[in-house]
Amino acid sequence: MTLKRLVLIFVLTPIAVLLAVSALFSSWQEPQFQSRLELYQTNIALQAQAWQSEDSGDDNLQAIREAILGEQPLESATKQYQEARQSVQANLDKVNNKLAQLRSQSEITLTPPKPLPDAPPTTKTSKQGQQQLQQSLKQLQKLLAELDLRLGILQAQQGQTDTALKTWSELQQRSDINPEFGQTAAVLSGLWSNPPRILPNAQQPIQKNLEGWFRSTALVQLYQLQQRQDALSVVKAAQKESSAQAVLKLAVIGTIPTLAALIGLILLILLFAQRLLKGKASLLAQNADIPWSTPWDGETVLQVFIIGFFFMGQIFVPLVISVLPIPRPIVDVRLQAFSVLVSYILVALGALLVLYFSLKRFFPLPEFWFRFRFQDNWFLWGLGGYCTALPIVVVVSLINQQLWQGQGGSNPLLQLALESQDGVALGIFFFTAAIAAPFFEEILFRGFLLPSLTRYLPVWGAILISSLLFAIAHLSLSEILPLTALGIVLGVVYTRSRNLLAPMLLHSLWNSGTLLSLFVLGSN
């Protein structure tokens with residue numbers, strides 16, 4: 001065995017596995033992005049209620065409204081916020097426990113029986129860990145306070161005034177929050193008390209610490225008590241205008257994916273029926289059992305993924321970026337988007353260069369390797385694959401939600417895209433997610449890994465293993481099951497079409513749909 005193989009197999013691979021497992025374990029303690037996304041959608045549904053109150057005599061229109069908004073939007077929103085609050089409180093308890101453990105370890109290290117002369121009292125890693133936990137603690141405390149403010153308004157609007165006052169009272173008694181939230185809670189308590197109390201400058205904390213439907217609801221309550229008819233008319237007119245926009249947003253993020261999923265479900269039924277009736281002459285059986293002719297072995301696959309993908313993405317590129325003279329933290333959203341794009345392109349170029357030099361000695365490659373054919377029916381495979389992926393991944397995601405209970409982490413790019421309403425930044429995010437990512441990841445996982453595995457596994461086994469590794473590579477526990485399901489569809493589309501353009505289109509449509517939903521939700 002050569003020295004290169006020894007280092008690759010017994011040194012670099014265990015290091016990569018250890019770091020990947022560590023990253024996945026860290027994501028276990030992080031909240032899922034899906035929970036935040038559901039709250040954004042709930043807020044839009046609440047805004048759309050004003051639209052629901054008009055033309056109530058039209059049964060057809062009322063049925064459409066109920067389909068979009070639900071029969072009991074206030075009750076549904078309250079349940080959603082209560083579940084979100086429980087999840088945040090659980091995360092807050094975990095962070096507090098971790099901080100207590102780190103502090104106790106620091107105290108032990110700070111007072112050793114016989115201190116060594118050159119030993120630092122605490123390690124840099126420990127200090128960094130405490131700083132990160134402190135930052136997470138502040139974010140969770142802020143989020144919990146925001147949820148309590150909103151939950152109280154939901155309770156008050158349903159006639160549960162005593163429960164709402166209790167929610168706000170408990171918020172005011174907490175010493176770990178920004179005083180502004182306590183002041184806002186006091187203002188809200190006064191507005192819904194019996195008799196009501198209007199605190200001085202009550203309008204300011206409402207406008208500063210509440211958004212959307214929650215802000216307008218509190219302002220309506222305030223202006224009614226103050227008998228400010230002009231201000232009340234302005235707020236109600238704004239409510240009416242925003243409700244129409246909210247209904248349109250809900251229709252966009254709900255109707256289009258639902259129609260595509262319905263088409264996908266029909267396609268799945270037709271494909272499986274064709275498979276049963278026609279057997280190996282069906283589309284699903286096309287190229288299903290034909291492996292690639294693979295001239296390299298598993299060592300080459302390890303080399304590409306361990307050196308080209310993992311070390312480039314997790315060690316080399318972050319190290320290069322860390323030494324660049326860039327002001328940190330990056331606050332400007334355009335710079336954040338540009339930084340994400342540059343990092344991704346550097347990782348992709350590094351991995352593709354390693355792939356090229358690893359395979360160079362095998363040129364010319366056998367037939368069907370890295371095949372791009374624009375004259376082929378790749379467009380139908382990609383579009384059909386996207387539609388069929390929707391119902392499959394939705395079902396898997398619902399199961400996944402129950403499994404992880406809002407934990408397991410998510411891609412940080414999603415949060416940036418959700419909160420960014422800058423056109424340039426969104427354009428950069430779109431290029432990264434909908435063009436750069438499908439091109440690079442499909443070349444690596446479907447173009448190289450999947451066919452390479454057919455040297456050792458049947459095609460269906462190669463699809464399954466490559467999909468699992470594709471999901472693990474995103475380093476979020478909560479995304480493993482949904483991304484594995486998506487990877488299987490991508491793998492089936494590629495093995496049947498034998499054209500990389502098909503999974504690239506599917507991947508691009510998937511990421512584009514996600515970004516479109518984030519943009520619509522974030523524009524609330």
Side-chain angles (χ1 to χ4, degrees), residues 36-81 84 146-147 149-151 153-159 188 191 203 206-224 228-262 417-423 425-427 430 512-524:
R36 179 67 64 90
L37 207 57
E38 289 171 355
L39 287 183
Y40 271 76
Q41 191 164 343
T42 297
N43 294 345
I44 294 179
L46 288 170
Q47 274 191 319
Q49 285 187 107
W51 179 76
Q52 190 179 18
S53 64
E54 298 180 0
D55 301 326
S56 57
D58 191 330
D59 293 338
N60 293 328
L61 189 58
Q62 188 66 24
I64 294 173
R65 287 169 182 157
E66 288 184 2
I68 295 176
L69 305 178
E71 294 182 3
Q72 298 177 318
L74 281 177
E75 289 82 350
S76 299
T78 303
K79 182 180 178 182
Q80 194 76 47
Y81 267 86
E146 290 173 346
L147 291 175
L149 289 176
R150 298 176 182 185
L151 184 58
I153 294 175
L154 285 167
Q155 292 164 340
Q157 286 299 100
Q158 295 174 77
L188 296 175
L191 294 180
Q203 182 175 320
I206 290 174
Q207 290 181 326
K208 185 175 182 180
N209 297 311
L210 294 172
E211 296 176 346
W213 177 85
F214 298 96
R215 178 193 291 169
S216 59
T217 300
L219 288 176
V220 165
Q221 183 78 359
L222 173 64
Y223 296 153
Q224 285 177 340
R228 295 170 57 185
Q229 294 303 320
D230 291 342
L232 186 61
S233 299
V234 170
V235 171
K236 288 188 174 181
Q239 271 186 324
K240 185 177 179 180
E241 182 180 352
S242 65
S243 69
Q245 296 174 355
V247 169
L248 181 60
K249 292 174 185 178
L250 289 174
V252 169
I253 62 178
T255 305
I256 296 175
T258 301
L259 287 176
L262 181 60
L418 176 66
E419 295 177 349
S420 168
Q421 290 304 302
D422 182 275
L426 287 168
F430 180 84
S512 299
T514 301
L515 284 178
L516 175 63
S517 298
L518 294 178
F519 172 72
V520 172
L521 289 174
S523 64
N524 184 31

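Computed from heavy atoms alone, side chains included, the values below leave out hydrogens, waters and symmetry copies.
Annotation: side chain of Val220 is in contact with side chain of Gln239 (closest heavy-atom distance under 4.5 Å). The side-chain heavy atoms of Leu46 and Leu74, taken from C-beta on, include a pair separated by under 4.5 Å. Contact of the Gln229 side chain with the Leu232 side chain is registered, since non-hydrogen atoms from C-beta on lie closer than 4.5 Å. The closest side-chain heavy-atom distance from Leu191 to Ile206 is below 4.5 Å. Residues Phe430 and Leu516 form no side-chain contact, since every pair of their non-hydrogen atoms from C-beta on lies 4.5 Å or further apart.
Rounded to the nearest 0.5 Å, atoms CD (Gln245) and CG (Leu248) are 8.5 Å apart. Here the CH2 atom belonging to Trp213 is positioned 11.5 Å from the OG1 atom belonging to Thr42, to the nearest 0.5 angstrom. With values rounded to the nearest 0.5 angstrom, Asn43 atom CG is found 9.5 Å from Gln80 atom CD. Note that the CZ atom of Arg150 and the CG atom of Asn209 stand 10.0 Å from one another [nearest 0.5 Å].
Side chain to side chain, Thr78 and Gln158 meet the donor-acceptor criterion of an N or O pair below 3.5 Å.
Shown here for Arg215 and Gln207, the closest heavy-atom pair between the two residues is NH2-O, 3.0 Å. The two residues Ala218 and Ile153 come nearest to each other via the heavy atoms CB-CD1, 4.5 Å. Heavy-atom minimum distance, Gly212 versus Gln47: CA-NE2, 3.6 Å. Considering all non-hydrogen atoms of both residues, Ala48 and Val247 come closest at CB-CG2, 3.6 Å.
The main-chain N or O of Tyr223 is never found under 3.5 Å from a side-chain atom of Arg228 such that the two would form a donor-acceptor pair.
Remark: Ser242 engages no residue in a side-chain hydrogen bond (donor to acceptor under 3.5 Å, both in side chains) (not counting sequence neighbours). With sequence neighbours excluded, the residues that form a ring pair (Phe, Tyr, Trp, His ring centres under 6.0 Å) with Tyr81 are Phe214. Contacts of Lys208 classified as side-chain hydrogen bond (donor to acceptor under 3.5 Å, both in side chains), with partners at least two apart in sequence or in another chain: Glu180.
Environment of CD in Glu241: sparse, with no more than 12 heavy atoms of neighbouring residues, nucleotides or ligands closer than 6.0 Å.
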